[in-house]
Novice: 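Encoded as structure tokens, here's the structure I'll be asking about.
Computed from heavy atoms alone, side chains included, the values below leave out hydrogens, waters and symmetry copies. Order of the sequence lines sets the chain letters (A, B, ...), proteins ahead of strands, with each chain counted from 1.
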Amino acid sequence: MLPLYTLRDNADTIAAAMDKRGLDARPILSKILNLDQERRNLQTHLDQTLAEANSASREIGQLYKSGKAEEANALKETSSRLKVQSKELQEALSAAADALQESLYLLPNIPHDLVPAGQDESDNEVIHQWGDIPGLEANALPHWELARKFDLIDFELGVKITGAGFPVYKGKGARLQRALISYFLDYNTKAGYQELQVPHLVNEASGYGTGQLPDKEGQMYQVTEDNLYLIPTAEVPVTNIFRDVILDKADLPIRYTAYTPCFRREAGSYGAHVRGLNRLHQFDKVEIVRVEDPANSYDALDGMVTHVKGLLESLNLPYRILRLCGGDLGFTSALTYDFEVYSAAQERWLEVSSVSNFEAFQANRLKLRYREGNDKPQLAHTLNGSALALPRILAGLLENYQEGGGIRIPEVLVPYTGFDKIS
RNA sequence: GGAGGAAUGGCAGAGUGGUCGAAUGCGGCAGUCUUGAAAACUGUUGAGGGUCACACCUCCGGGGGUUCGAAUCCCUCUUCCUCCGCCA
């Protein structure tokens with residue numbers, strides 16, 4: 001949700017930026033500004049009425065004290081009348097405020113200057129590519145076949161226990177998974193991100209805080225009995241730590257990392273692209289989250305990009321970085337870089353990380369602010385990124401590292417796995 | 001799950017129907033003093049809306065109600081504490 005004050009003076013600039021998303025924001029912007037004006041008028045009117053009512057009540061108290069019961073009773077009528085009036089105004093005000101809120105929820109974040117205009121993923125800009133595409137042996141297999149061959153992952157067993165998209169990791173597969181989580185967490189911690197363990201279920205307020213609600217309700221698993229949601233990403237619990245928080249400027253920047261399983265209904269997904277580990281309902285991810293002074297948030301974003309690059313390079317996985325175009329940019333993001341690893345056996349790029357600056361968009365919903373000295377609190381900027389999502393990294397490792405009838409383990413992982421080869 | 005108690009400003013803690021956004025203490029900030037610091041003293045110190053700036057309005061866990069008037073009374077929800085039960 002964009003802060004109102006950014007909309008009041010810049011409607012034209014914002015509309016131009018929104019065009020890059022393929023969204024004509026002009027109608028909704030003018031609606032918002034009108035509702036804002038209406039809301040303020042009603043508020044002023046209500047405030048005046050309440051001020052009158054308050055002073056009448058005060059006077060009644062005084063009159064009673066000085067024994068002038070008659071005058072007091074006369075004033076009560078005035079007061080009652082004002083009360084009825086204020087109730088009506090209150091209702092009109094609530095209606096206007098709700099309508100305003102609703103419209104604000106519909107407006108996505110303003111794309112950053114760097115965001116290219118574009119329709120969909122084909123318009124994303126490749127800004128960086130690293131590593132050699134490995135030439136695989138003739139009999140190279142996709143990861144789902146490798147997983148079966150070496151008994152690393154059992155997809156059918158997951159179907160039996162839960163359903164499609166809930167794999168069971170076994171033996172060295174499970175161990176490799178755990179090794180990756182530990183390696184990622186250690187790597188992030190060394191870079192200054194504090195490790196957290198957070199709840200995997202969140203309440204409604206948290207869902208609204210990071211913007212999963214009300215729009216993406218259908219994408220989350222819901223525990224209706226207790227009105228809780230299974231988290232689709234650690235971003236939700238971690239960022240909500242800061243809901244309704246006023247930080248001291250000296251506390252910034254804040255950097256957290258957390259491993260969690262992620263649960264996504266992925267309603268509407270189907271086809272070959274969802275085979276194996278490519279798309280799951282439950283998967284593991286290590287996330288990094290930052291809270292920044294607005295003046296530094298784009299340096300922070302660059303820092304996160306560099307960080308994820310280092311992580312992928314340490315695993316020697318060929319990757320490229322995309323700057324998402326307006327049409328592919330997430331609702332809440334101002335600028336996003338996607339990382340894709342090349343899967344040689346599938347001959348396609350797999351998204352393994354998404355690094356975004358949300359500027360004040362999330363902070364506004366969260367009421368996450370910071371204060372410098374005695375100044376008024378200001379909205380902070382939030383950023384997050386995957387470092388990294390496990391399944392497609394695992395897929396990339398299995399496929400790119402297959403050689404001589406086995407799978408080699410990258411050097412940096414050997415201390416974590418305790419073995420250097422799967423065969 | 002059962003029984004009882006509680007929820008007030010950054011923290012502690014007064015306040016049981018009228019001028020209470022709320023005593024007091026601690027903490028924070030500014031100043032006096034000091035070579036500097038500490039101590040002491042003085043002042044200041046919640047958030048949101050609104051205004052050029054004031055005024056003014058809202059908020060004492062959330063929601064609803066009683067009343068001319070609610071932190072204070074009533075209903076309800078949530079959370080926390082104590083005791084009992086169950087339990088990794």
Novice: My understanding is that a pair needs two contacts under 3.5 Å, Watson-Crick or G-U wobble. By that rule, which nucleotide pairs with B:C20?
Specialist: none

Novice: P atom, B:C33 versus B:C20: distance in rounded Å?
Specialist: 36 Å

Novice: Tell which nucleotide pairs with B:C52, taking only Watson-Crick or G-U wobble pairs whose two distances are both under 3.5 angstrom.
Specialist: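 By the stated definition (distances under 3.5 Å), nothing pairs with B:C52.
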
Novice: Under a 3.5 Å cut-off for both distances, is B:C80 Watson-Crick or wobble paired, and to whom?
Specialist: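 Matched B:C80 with B:G5 under the 3.5 Å cut-off.
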
Novice: Please name the nucleotide paired to B:C87 by Watson-Crick or G-U wobble geometry with both distances under 3.5 Å, or report none.
Specialist: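 Partner of B:C87: none.
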
Novice: NA contact type, A:Ser80, heavy-atom cut-off 4.0 Å: base, sugar-phosphate, or nothing?
Specialist: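 Sugar-phosphate, backbone atoms only, no base.
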
Novice: Distance between the P atoms of B:C84 and B:G65, in whole angstroms?
Specialist: 41 Å

Novice: Applying a 4.0 Å non-hydrogen cut-off, can you work out what A:Ala56 is touching in the nucleic acid: base, sugar-phosphate, or nothing?
Specialist: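 No contact.
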
Novice: Let me spell it out: for each of A:Ile60 and A:Leu46, pick the nucleotide of RNA chain B with the closest heavy atom. Which residue's pick is nearer the 5' end?
Specialist: A:Leu46

Novice: Nearest of B:G49, B:U58, B:G69 to any side-chain atom of A:Asn54?
Specialist: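 Of B:G49, B:U58, B:G69, B:U58 is nearest to the side chain of A:Asn54.
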
Novice: May I ask you to say what A:Arg81 touches in the nucleic acid, namely base, sugar-phosphate or nothing, with a heavy-atom cut-off under 4.0 Å?
Specialist: nothing

Novice: If you measure from the C1' atom in B:G10 to the same atom in B:C29, how many Å do you get, rounded?
Specialist: 13 Å

Novice: Provide the distance between the two P atoms, one in B:U58 and one in B:G63, to the nearest whole Å.
Specialist: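 After rounding to an integer number of Å, I get 15 Å for this pair.
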
Novice: Here's a test of your reading of the structure: between A:Ile246 and A:Ala53, which maps to the more 5' nucleotide of RNA chain B?
Specialist: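 That would be A:Ile246.
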
Novice: Side-chain contact test, heavy atoms from C-beta onward, threshold under 4.5 Å: evaluate it for A:Glu88 versus A:Val84 and give yes or no.
Specialist: yes

Novice: Watson-Crick or G-U wobble partner for B:C29, using a 3.5 Å limit on both distances?
Specialist: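 Pairing partner, where one exists within any strand: B:G43.
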
Novice: Among side-chain atoms of A:Thr189 and A:Asp186, is any donor-acceptor pair under 3.5 angstrom?
Specialist: no

Novice: Provide the distance between the two P atoms, one in B:G4 and one in B:A88, to the nearest whole Å.
Specialist: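 Straight-line distance between the two P atoms is 29 Å.
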
Novice: Quote, to the nearest angstrom, the C1' distance that separates B:G9 from B:C59.
Specialist: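 Taking atom C1' in both B:G9 and B:C59, they lie 12 Å apart.
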
Novice: Using whole Å, report how far OH of A:Tyr370 lies from C1' of B:G46.
Specialist: 19 Å

Novice: What's the gap between B:A12 and B:G27 when it is taken at their P atoms, as a whole Å value?
Specialist: 15 Å

Novice: Rounding to the closest angstrom, what is the interatomic distance between B:A37 and B:C52 at atom C1'?
Specialist: 43 Å

Novice: With under 30° as parallel and over 60° as perpendicular, where do the rings of A:Tyr221 and A:His281 fit, or are they tilted in between?
Specialist: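 Perpendicular: the ring planes of A:Tyr221 and A:His281 meet at over 60°.
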
